[in-house]
Each structure stands twice: as C-alpha cells, then as structure tokens.
Undergrad: 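Pasting in a structure now, in structure tokens, and then I'll have a few things to ask.
Note that these values count all heavy atoms, side chains included, but never hydrogens, waters or copies made by symmetry. If you're wondering where the values come from, they're calculated on a predicted model, not measured in any experiment. Residue numbering restarts at 1 for every chain, and letters A, B, ... go by the order of the sequence lines.
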Protein chains: 2
Amino acid sequence: MSVDERRRVKRLPREVRERQILDAAVQVFSERGYHNASMDEISDVAGVSKPMIYAYLGSKEDLFAACVQRESANLLEAVAGGVDVDLAPDMQLWDGLRAFFDYVGEQRAGWRVLHRQAISQGGPYSDELVAMRRRAIGLVDTLLVRTATKQGLDEHATSATEALAAAVVGAAESLADWWLDHPEVPSRIVAARLMNLAWMGFGDLVEGNTWSPRG
Amino acid sequence: MSVDERRRVKRLPREVRERQILDAAVQVFSERGYHNASMDEISDVAGVSKPMIYAYLGSKEDLFAACVQRESANLLEAVAGGVDVDLAPDMQLWDGLRAFFDYVGEQRAGWRVLHRQAISQGGPYSDELVAMRRRAIGLVDTLLVRTATKQGLDEHATSATEALAAAVVGAAESLADWWLDHPEVPSRIVAARLMNLAWMGFGDLVEGNTWSPRG
DNA sequence: GCGTATATCTACTTGCAGGTAAGGCTACGG
DNA sequence: CCGTAGCCTTACCTGCAAGTAGATATACGC
C-alpha cells in the first residue's frame, strides 16, 4: 500500500531483502511493541509480501530474535570499537559511555527493541540481552577492579565492585531510556552526567569515603 | 479449574470481587506479559467467570490501566510514607531508597507490571508511569538543590541537578529490575549500593570535583 | 412472601493476525 | 532458445482470545 507510486523494486538478491525486512521489523517492533506489530505491517513497510518473510526469516518469533541478535551485535561492536584498552581506566569508561550513547542516539529504534521490547518478553529473547549485559558489567568491573587495586585495594571496596558495575550499567541503560524522551540533550552531556556520578562516586568508595546512615 | 475443591465463594460484594480480580490480573500480567495474559486465565485465577471482569472493570485495556494505577499509587504511598521531610536531605534520600526497594522486594509482581509491562506498552498506560517518575525526579531534585544551596551553590552543579536526579531515579529503577534477577541480595544492601554511588558522586559535584576527559 | 437489584454463570459470536498452499515470473547457464 | 532455480505474489485457512447475550440464582428491603 505504501509502495504504490515508487514502483516496487523487483527480484533483489536474498541478502538485500533480508536486510530490508530486518530494518522494517526493527522499526515496527520499536513503534508498536512485539505483539501489536503485525507481520502484515512489517511486510508492507519492507516492501515485500508476507510469505517472503516466512521464507527468509521464519516465524514471527524467529524474526524478532533475528532483530535482537543483529541490534545487540551492532551495539556491542560500536562500544567495543570506541574503546582503546591501552588507555587509563577512566578514559576507557568515558569512551565506552560516549560510544554507547552515540549509538543509542543514532539507533533509537534499535535500542527500543533491545531494551524495552526484548526485556519485557520473557523467554529466549532476553537471553541474548542478559548475556550482553553480563559482558558489559564484566568490562566495567574490570576497569573498577584495576583502578581499585592500583590505588591499594580496600577489601570493602573490591567486594562491591561487581554490584557497582551492575549499577553503572543499569544506570546507563536507564539513562538511555530516559534520554529517549528528552532528545534535546546532546549525547555528550548525557555521557558526562553519568561519568561524573559513576567515577566520582566510585572514587570516594576507593578512598573509603562511604556513606552510612548516621555518619 | 484451580477452584474446584475449595468451593467457590459465592455472591461477594463488588468491592471484594474487584480487589480479587485486580490481584489476579497483576499476577498474570506480571508472569505472562500484557498480550500473553488471557482474560480467561485472569478470571480463572481470580475465581470468577470472565463476564464479571467485563462487568466490573471493563475491557482488557481498562483492566490493565486499573492495575497500573493501583500499583503506582501503592508504590508512591509506600515511598512517601517512609520519608520524614524534616530530616536532613541525605537521610531523606536514604529512607526513600529503602522504602522503594522494600516495596519492590515485597511486591515483585506489582513492580514487574509497572516497570516492564507498562513501559513496553506505548500509549496511555505509560502516562501514569511517566507522571510518577516525574514526581520522583522532582523529589530527588529538591533534595539535591537544597543540599547544593546549603553548601554555597556552584552554578555548574545546580544546572545539573535535574539530570542527576533523573539519573538516580533511573538507576534505582534499573537496579530494582536487576534485583528481580538477583533476589538473594538483601534490600538493605541494594539500597546502600545506590546510596553510595549517588550521594558520594553528588557530593563531589557540589564540591566542584567533576571528572572531565584530560583532567 | 415478593419483587427488584445485583451477582453470577454457560455458551456463544467474531475478528484479527499468524501462518500456508500453490502457482507465476525473470534471469541465467547451457 | 529452454529449463531450472530461486524470487515473489495473491488468496486462502484457521485458531485463539476478546468480548457479549441472555438466563439464573440469591440477598435484602418492605
């Protein structure tokens, strides 16, 4: 229907069609949510007929899984590619955050699918996500531990690094989510806010300046 | 089906039935997600027949909206009730966080519905959530601003309080979400982790110790 | 007791969306 | 040329779950 005037491009190689379908699927899933997205609409947006999707990508679940997989791979690649492991830990965290928020800013639909949709579906979709998050937490944790040990480690601080890493990763996800609804803030600023909170808060922990009720 | 032996209790007042139905709905929505939850299952769990739900709570959307509304009101009440506005700002934040995580710990199903389901549905459901989050951010922001001004405010810090408040609220939500999958950690500890990150990080900001690349 | 309002059920209709059958068209190797 | 492989479509089937019609049963006021 949407493809009435600009005449349907015909007989493209499978590879290209698959990309078009995935693009359309990500867009529609992100706008409507998994269940409210219909295969008919996806096929329409992609500019192909429905059986093509089933022929190339399988069932609706399969299609969604393919979206999650592609987007999460892209995200991971973007972040990993933006970080130089030879730099100091804080710079690595900074570069990672910047790459992350840049990616989210450019691929809002992709991020929505990953974060809001995949997580709210139970089951095997979110496994991919859980794995990705685990890797992210691991990366951050490594940075924190390296920093803590470099400064003469305090056992209280090191035992908390993993939870802290999880909090930072969670905060990043959540901030990205928040940012979806405040697009006027530049990526750089969002990253800086989190960096301040995370690195300064962590720095205090390393130095033993913890907060506690009554003290 | 689930109510075969313990004989169905008959002719209860509407008020009671509505509560039972909402309880069942929250449970089923949280387990299955909005779309995979069927009205038949909800009616079954509630111990009434399907038309009762339509008679009392309206359509499936209406029912879900009612769940979101009730749960978000409960959450807000729990948090507000746990905070004494005459205490110092840090203690207020601490008490609020504790109340929040306690609530989430006790009402996992309710939180799942609020956070994972309501947010992934677009549309009017999430409005309630957005409003609630806005109020939460406002509360935190108030605390931060009060602290910043008390210590002789720095313009850089005050301009950032709202974003910081958003980050803290987001981090709290996200940590709660993370906690759903790590129930072995006690509520108190989760709250303490976040408190450390937030308050210490913020304290540094107030004192002008901001992080910046190359500095 | 009797009628009215309210609580409640069984059994049905219906529409949408996931999935498929069956075949047509075009390119390209031989 | 011509046939085979693979791109692509129209038109259909079907099941599930949202929503409803219409009847029944019980409490409670008078």
Side-chain angles (χ1 to χ4, degrees), chain A residues 1-25 27-29 31-67 117 121 123-125, chain B residues 1-4 6-25 27-29 31-67 117 121-125:
Chain A
M1 177 198 288
S2 67
V3 206
D4 266 353
E5 297 101 41
R6 55 174 162 100
R7 177 132 75 262
R8 209 154 204 147
V9 184
K10 290 185 156 189
R11 296 187 73 77
L12 297 176
R14 174 173 186 148
E15 202 184 344
V16 176
R17 283 296 190 210
E18 284 188 352
R19 252 204 56 223
Q20 291 178 342
I21 292 170
L22 282 177
D23 289 343
Q27 181 190 325
V28 175
F29 281 137
E31 281 167 8
R32 307 241 186 265
Y34 177 77
H35 266 279
N36 291 316
S38 77
M39 297 298 268
D40 284 296
E41 181 174 2
I42 293 172
S43 71
D44 192 43
V45 170
V48 297
S49 65
K50 205 166 38 154
M52 292 299 306
I53 303 182
Y54 286 91
Y56 285 167
L57 280 305
S59 71
K60 188 181 185 183
E61 286 203 358
D62 294 339
L63 177 61
F64 186 71
C67 289
Q117 297 309 319
Q121 315 299 327
Y125 314 116
Chain B
M1 176 202 288
S2 66
V3 205
D4 265 353
R6 56 175 160 101
R7 178 132 74 263
R8 209 155 204 147
V9 183
K10 290 187 156 188
R11 295 188 75 78
L12 296 177
R14 174 172 186 150
E15 204 183 343
V16 177
R17 284 295 191 212
E18 283 188 353
R19 253 204 55 223
Q20 291 177 343
I21 293 170
L22 282 177
D23 290 343
Q27 182 190 326
V28 175
F29 280 138
E31 281 167 6
R32 307 241 186 266
Y34 178 77
H35 265 279
N36 290 318
S38 77
M39 297 298 267
D40 284 296
E41 180 174 2
I42 292 171
S43 72
D44 192 43
V45 170
V48 297
S49 65
K50 203 167 38 154
M52 293 298 306
I53 303 182
Y54 285 91
Y56 285 166
L57 279 309
S59 72
K60 189 181 184 182
E61 286 203 357
D62 293 339
L63 177 61
F64 186 71
C67 289
Q117 297 308 319
Q121 313 300 327
Y125 315 116

Undergrad: Atom CD of B:Glu15 to atom C1' of C:dA7: distance rounded to whole Å?
TA: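 Distance, rounded to whole Å: 15 Å.
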Undergrad: Send over the distance from B:Lys50 NZ to D:dA18 P, rounded to a whole Å.
TA: 7 Å
Undergrad: Keeping B:Asp23 on the side-chain end and B:Gln20 on the backbone end, is there a donor-acceptor pair under 3.5 Å?
TA: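 Side chain of B:Asp23 to backbone of B:Gln20, a donor-acceptor pair under 3.5 Å: no, none is there.
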Undergrad: Verify whether one side chain among B:Ser43 and B:Asp40 offers a donor that lies under 3.5 Å from an acceptor in the other.
TA: no
Undergrad: Indicate, yes or no, whether a donor-acceptor pair under 3.5 Å links the base of D:dG19 to the side chain of B:Lys60.
TA: no
Undergrad: Whole angstrom is fine here: how far is it from OH in B:Tyr56 over to C1' in D:dG19?
TA: 18 Å
Undergrad: Whole angstroms only, please: what is the CD1-P distance between A:Ile53 and D:dC7?
TA: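 It works out to 16 Å between those atoms.
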Undergrad: Rounding to a whole Å, what distance do you find between B:Leu12:CG and D:dA27:P?
TA: 11 Å
Undergrad: Heavy-atom nearest nucleotide on DNA chain C for B:Arg14 versus B:Pro51: which residue maps closer to 5'?
TA: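 Closer to the 5' end of DNA chain C: B:Arg14.
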Undergrad: Can you measure B:His35 atom NE2 to D:dC16 atom C1' for me and round it to whole angstrom units?
TA: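 Those two atoms, NE2 and C1', are 14 Å apart.
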Undergrad: Specify the separation, in whole Å, of atom CE of A:Met52 and atom P of D:dT10.
TA: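 Spelled out: CE on A:Met52 to P on D:dT10 is 12 Å.
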Undergrad: Nearest 0.5 angstrom please: B:His35 NE2 to B:Lys60 NZ, how far?
TA: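 Nearest 0.5 Å value for the NE2-NZ distance: 6.0 Å.
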Undergrad: Could you check whether the rings of B:Tyr34 and B:Phe64 sit parallel, tilted or perpendicular, using 30° and 60° as the cut-offs?
TA: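 Rings of B:Tyr34 and B:Phe64: perpendicular, as their planes differ by over 60°.
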Undergrad: Check whether any side-chain N or O of B:Arg17 sits under 4.0 Å from OP1 or OP2 of C:dA7, and answer yes or no.
TA: no
Undergrad: Measure from the side-chain heavy atoms of B:Arg11 and tell me the nearest of C:dT20, C:dA17, D:dA25.
TA: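 Closest nucleotide to the B:Arg11 side chain: D:dA25.
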Undergrad: Output the rounded distance in Å from OH (B:Tyr54) to P (C:dT13).
TA: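 In whole Å, C:dT13 P and B:Tyr54 OH are 17 Å from each other.
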Undergrad: Identify whether any heavy atom of B:Met39 sits under 4.0 Å from a base atom; if not, whether one sits that close to sugar-phosphate; answer base, sugar-phosphate or nothing.
TA: sugar-phosphate
